[in-house]
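Each chain gets a letter, A, B and so on, in the order its sequence line appears, and its residues count up from 1.
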Number of protein chains: 4
Amino acid sequence: MRKHPGKSRVLTSVAEKRGRPRSSESTSAILEATLRLLKEHALRDITIEMIAKSAGVGKTTIYKWWPNKAFVALEAFGLEMRRDVLIPDTGSAERDFCEQLQSVIKFYTSKTGRIFSQFLAECQSDAEFASQFRERFLLPRRAAVQVIWQRGVARKQIDRTIDMDTVLDLIYGPMIFRLLAGHAPLNAKEASGIVAAAFRGFSPRS
Amino acid sequence: MRKHPGKSRVLTSVAEKRGRPRSSESTSAILEATLRLLKEHALRDITIEMIAKSAGVGKTTIYKWWPNKAFVALEAFGLEMRRDVLIPDTGSAERDFCEQLQSVIKFYTSKTGRIFSQFLAECQSDAEFASQFRERFLLPRRAAVQVIWQRGVARKQIDRTIDMDTVLDLIYGPMIFRLLAGHAPLNAKEASGIVAAAFRGFSPRS
Amino acid sequence: MRKHPGKSRVLTSVAEKRGRPRSSESTSAILEATLRLLKEHALRDITIEMIAKSAGVGKTTIYKWWPNKAFVALEAFGLEMRRDVLIPDTGSAERDFCEQLQSVIKFYTSKTGRIFSQFLAECQSDAEFASQFRERFLLPRRAAVQVIWQRGVARKQIDRTIDMDTVLDLIYGPMIFRLLAGHAPLNAKEASGIVAAAFRGFSPRS
Amino acid sequence: MRKHPGKSRVLTSVAEKRGRPRSSESTSAILEATLRLLKEHALRDITIEMIAKSAGVGKTTIYKWWPNKAFVALEAFGLEMRRDVLIPDTGSAERDFCEQLQSVIKFYTSKTGRIFSQFLAECQSDAEFASQFRERFLLPRRAAVQVIWQRGVARKQIDRTIDMDTVLDLIYGPMIFRLLAGHAPLNAKEASGIVAAAFRGFSPRS
DNA sequence: CTATAACCGAGACGGTACGTCAGGTCTTCGC
DNA sequence: GCGAAGACCTGACGTACCGTCTCGGTTATAG
C-alpha cells in the first residue's frame with residue numbers, strides 16, 4: 001500500500017521473508033551518518049548523496065526505505081530522542097511545567113536539538129512529513145507532558161475547565177514562536193516568566 | 001555595504017545616479033508575478049526562473065536586486081500587507097485580542113496568508129532572511145498590536161508587571177504553533193479559548 | 001589522469017567495471033545528433049544544449065565524457081571519416097597527388113567537410129583540442145597520403161632529398177590557406193596547377 | 001547602407017558635424033586597450049566588456065563603431081601593422097622569398113603576431129569579417145610581396161607561366177598550415193627548406 | 001546444494017534549476 | 001546630440017542533486 005513503509009515494516013506478518021533481509025548495518029550506517037551531518041549542517045543543506053557517501057551506501061538503498069531526506073532525519077532523530085523526556089514531579093504543576101520547559105528550551109537550542117525547528121519548517125512544504133512528524137514525534141512528547149497537566153488537575157492546581165491542548169499550547173507555543181522567529185530571548189528566566197504568566201493570567205490581582 | 005540593497009536603497013543621497021536608472025516596471029512586474037505565483041504554489045515549488053518568465057524579465061535582473069526567491073516573496077508580500085492591520089477597540093483588552101487573533105488566524109490560513117508560515121520555515125535555514133523577516137514584517141505587526149496591550153494596561157485590564165513580549169507571545173504563540181504543526185484545530189472558537197485562558201490563567205477560581 | 005578519457009578509455013584493464021555501464025545508445029545518439037547539427041549549423045552556433053535536446057540526452061551525460069562541443073564534434077566527425085581516405089595509384093606520383101588533392105578539396109568544401117576548417121579554427125584557442133585534432137585526425141590522414149610520397153620516391157618521381165613534411169605541406173598547405181582565407185579559388189583546376197607547380201618548381205625551364 | 005561604417009567614416013565629406021563629434025580619444029583608447037589585451041589573452045577570451053572597462057569607455061561606444069570584438073581587433077592590429085612589410089631585394093627571388101618568409105614566421109609566432117591565426121580562425125565563422133580581413137589585411141600584404149614575384153619574373157628567376165597566386169600560396173601556404181595545425185616545426189631553417197623545394201620542385205635532378 | 005529472491009554498492013542516466021556570464025539593446029544624464 | 005554609465009532581456013554556460021535505472025555481486029530461505 002504505502003510506497004515507503006518506513007518503520008512500520010514491523011508487522012510484515014509472518015511469511016514473506018524470502019530473499020536477502022534488509023541489512024541492519026546499512027540502515028544504522030545511514031541513520032548515524034545523518035545524525036553526524038545534522039550536527040554540522042542544516043537539513044536544507046544536506047543531500048541524499050552526502051548521506052549515501054558518508055554512510056558508504058548506495059543512494060538506492062536510501063530511496064528504498066525513505067521517501068526523502070526529511071524522513072531519514074526524522075527517524076535518525078527519533079533514535080537520539082529515545083531517551084525519555086524528563087517529567088519532573090515537584091508537587092507543583094507550575095514548577096513542573098517550568099522545569100520541563102527549561103529543559104526543552106535547552107535542548108531545542110542545542111546543536112542536536114535545533115533540528116526540531118527544521119522539522120517544523122519541513123512540515124510547511126510536505127504534508128505527509130507533517131503527518132509523520134506529529135504522529136511519531138509531537139504526539140508522544142505531548143503524551144509525556146500530559147501527565148503534568150493531569151496531576152495539576154488532580155491536585156486542583158489547574159482549572160479543569162480549560163482543555164489540555166490549550167494548556168499545553170499556552171506553555172509551549174510562546175517557546176516555539178521565539179524559537180522559530182527569534183524575536184525575543186529564550187532562556188530559563190523567560191521560561192519561568194511564561195509559565196508564571198500562563199498560570200496567573202494577565203488580569204491584574206484584585 | 002550590503003550586497004543586496006533591496007528596498008533600503010532609498011537614501012542613496014544625491015549623486016550616484018549616472019547610468020540607466022532601475023526600471024520600476026521591472027521591479028513591480030517581478031513582485032506582482034511573485035504574488036500571483038504564491039497564490040498557486042508553495043514558496044518551495046516556485047523557482048526564480050518561473051518568476052522571471054512570468055514577469056517577462058531576465059533572471060539577472062532578479063538576482064541583481066534580491067539574493068533569492070524568499071527575499072523577493074518577502075518584499076512582494078510586504079506590498080500586500082501594506083493595508084493596515086485591523087486593531088479593534090472594544091473597551092475590553094481581552095475582547096480586542098480575541099478579535100484580532102481571530103482575524104489573524106483567518107488570514108494566515110487563507111490562500112494568500114499561508115505564505116506567512118513558509119516565511120517562518122525559511123527563517124530556519126537562512127539567518128539573513130530571518131533578520132529581514134523580523135525587521136520588516138514581524139516587528140511592525142507587533143508594534144501594531146502593542147496598542148491593544150497598552151490600552152489594556154492603561155485600563156487596568158492587564159497586569160502591568162507582565163512584560164509585553166510575554167503577553168503577546170502567550171496570545172500569538174499557541175496560534176503559531178498550531179499553524180505550523182497542525183496538531184490541534186485553529187479557528188475562531190479556539191482563538192477565544194486561548195485568549196480567555198491567557199487572561200484568566202490556569203489556576204482554578206477560588 | 002585525463003579528466004575526459006574520450007575514446008581512449010580502451011585499456012581500463014579488467015576490473016573497474018562497477019556501477020551501471022556507459023550507455024552506448026546515449027553515446028551514439030549524441031554523436032549522431034552532433035553530425036546532424038553540423039550539417040545545418042556552424043560549430044560556433046551549436047550549443048551543448050542543442051546537442052543534448054536533439055539527442056534526447058541530459059547535458060550532464062555530454063559533459064561527463066567530453067570537455068566541450070569541439071571534442072564531441074571531433075569524435076563525431078571521426079566516425080564519418082572512418083571510411084578510408086582514397087589513395088589513388090596511377091603510376092605517377094604527380095597524378096596521384098593531383099587526384100587526391102582534388103578529392104580532398106571536394107570534401108572540405110562540402111556541407112559535411114567544411115567542419116574541417118572549423119576544427120583548425122578551434123585549434124587556435126584550445127591547445128588540448130589542437131593536440132587531439134593532430135593525433136586523431138591529421139596524422140592518420142597524413143600517414144595515408146604518405147604512401148603516395150613513398151611510391152614517388154621509390155619510382156624516382158620525387159627527389160628523395162626533400163623531406164616528407166615539406167612535400168606534403170607544399171601540396172596541401174596552399175589548399176588549406178585558400179580554404180581558410182578564401183582569397184583565391186579552390187577547385188580541381190587550381191588543384192592540378194598547384195601540384196604541377198610543386199613538382200616542376202618555379203625555376204624556368206632552361 | 002552599411003550598419004557599421006568602420007574605418008570608412010573617414011570621408012564624411014565636409015559638413016555633417018552637428019552634435020558632439022566622435023571622440024578620437026575614445027577611439028584610440030579602445031584600440032590601444034584592445035592591443036594591450038591581445039598581448040595577454042587570446043581573442044576568444046577577450047570580451048567587449050573587458051575592452052570597454054579597460055579603455056574607460058561604455059560598451060555602447062564600441063558597438064556603435066564596430067560590430068564585434070573581431071573587427072575592433074582587426075582595426076587595432078592594423079595600427080600595429082602600419083609599419084611596412086619588409087621586402088628584401090637581394091637580387092635573387094628565392095633568397096628574397098626566403099628572407100621574407102623567415103621574418104613573417106618570426107612575427108606570426110610572436111606574442112603580438114599570433115593574433116593573425118586567430119583572425120583566420122574568426123574567418124571560419126564570420127563571412128563579413130573574412131571579407132574585411134582579406135580586403136584590409138591579406139590583400140595589402142600580398143600586394144607587397146607581389147613585387148618579389150614580379151622582380152623574379154623580370155629577372156627570369158621565376159617561370160612566367162605559373163600564376164602569381166599559385167606562387168605565393170606555395171610559399172606561404174605551408175607556413176600557414178603549420179602555424180594553424182602545429183603538426184611540424186616552423187622556423188628559419190624550415191622556411192628555407194620550403195622555399196628551396198618550391199623553387200626546385202619535387203622532380204629529381206636529372 | 002541448488003534455485004530463487006531480495007538486498008546492496010556503485011555509478012551512469014534524463015532531468016530541472018541553479019547562479020553566472022557575456023551579448024547586444026535601451027535609457028538616463030553630463031558635456 | 002554625442003558619449004559614459006549602467007540597467008535591461010536573452011540565452012547558454014557548466015554544476016549540483018534529483019530520483020531512476022542498470023550492472024555485478026551477496027546473502028538469505030525454499031525446495
- [ ] Could you tell me which residues satisfy side-chain hydrogen bond (donor to acceptor under 3.5 Å, both in side chains) with T61(C), sequence neighbours excluded, listed by chain and number?
- [x] none

Task: Residue list, side-chain hydrogen bond (donor to acceptor under 3.5 Å, both in side chains) with S23(C), at least two apart or on another chain - done: S26(C)

Within the structure, does a side-chain N or O atom of [X] lie under 4.0 Å from either OP1 or OP2 of [N]?
| X | N | answer |
| --- | --- | --- |
| S26(D) | dA4(F) | yes |
| W65(A) | dA6(E) | no |
| W66(A) | dG19(F) | no |

Could you tell me how far apart [X] ([atom1]) and [N] ([atom2]) are, to the nearest whole angstrom?
| X | N | atom1 | atom2 | result |
| --- | --- | --- | --- | --- |
| N68(C) | dT15(F) | CG | C1' | 16 Å |
| R20(C) | dC8(E) | CZ | C1' | 17 Å |
| K64(C) | dG15(E) | NZ | P | 17 Å |
| L37(D) | dA22(E) | CG | P | 13 Å |
| I62(C) | dA12(E) | CD1 | C1' | 14 Å |
| Y63(A) | dT22(F) | OH | P | 17 Å |
| E25(A) | dC7(E) | CD | C1' | 13 Å |
| R44(D) | dA22(E) | CZ | P | 14 Å |

Open item on the list: Does the structure place the NZ or CZ of R22(C) under 6.0 Å from the centre of the six-membered ring of W66(C), at an angle of no more than 45° from the ring's axis?
Closed with: yes

TODO: On DNA chain E, check which nucleotide each of K69(B) and G19(C) is closest to and give me the residue with the more 5' one.
DONE: G19(C)

Task: Helix axis bend for the helix from dC1(E)-dG31(F) to dC31(E)-dG1(F) - C1'-based end axes, five pairs, 10° rounding - done: 10°

- [ ] Using ring-ring contact (aromatic ring centres under 6.0 Å, His included) as the criterion, list what pairs up with F129(A), not counting sequence neighbours.
- [x] F71(A), F119(A)

Protein N or O to nucleotides 10-12 of chain F N or O, pairs below 3.5 Å:
from    : atom 1 : to     : atom 2 : distance (Å)
dT10(F) : O4     : T60(B) : OG1    : 2.8

Please report, to 0.1 Å, the donor-acceptor pairs under 3.5 Å made by any side chain of residues 42-58 of chain A, with sequence neighbours excluded.
from   : atom 1 : to      : atom 2 : distance (Å)
R44(A) : NH2    : E122(B) : OE1    : 3.4
T47(A) : OG1    : E49(A)  : N      : 3.4
T47(A) : OG1    : M50(A)  : N      : 3.0
E49(A) : OE2    : K59(A)  : NZ     : 3.0
S54(A) : OG     : R36(A)  : NH1    : 2.9

Task: Minimum heavy-atom distance L31(A)-V72(A), with the two atoms named - done: CD2-O, 3.8 Å

Open item on the list: Side chains of Q118(A) and I115(A), heavy atoms from C-beta outward: is any pair under 4.5 Å?
Closed with: yes

Open item on the list: Less than 4.5 Å apart, side chain to side chain, heavy atoms only: is that true for F133(B) and L120(B)?
Closed with: yes

Open item on the list: Once side-chain contact (heavy atoms from CB on, under 4.5 Å) is applied, do any residues pair with S131(A), and if so which ones, sequence neighbours excluded?
Closed with: R134(A)

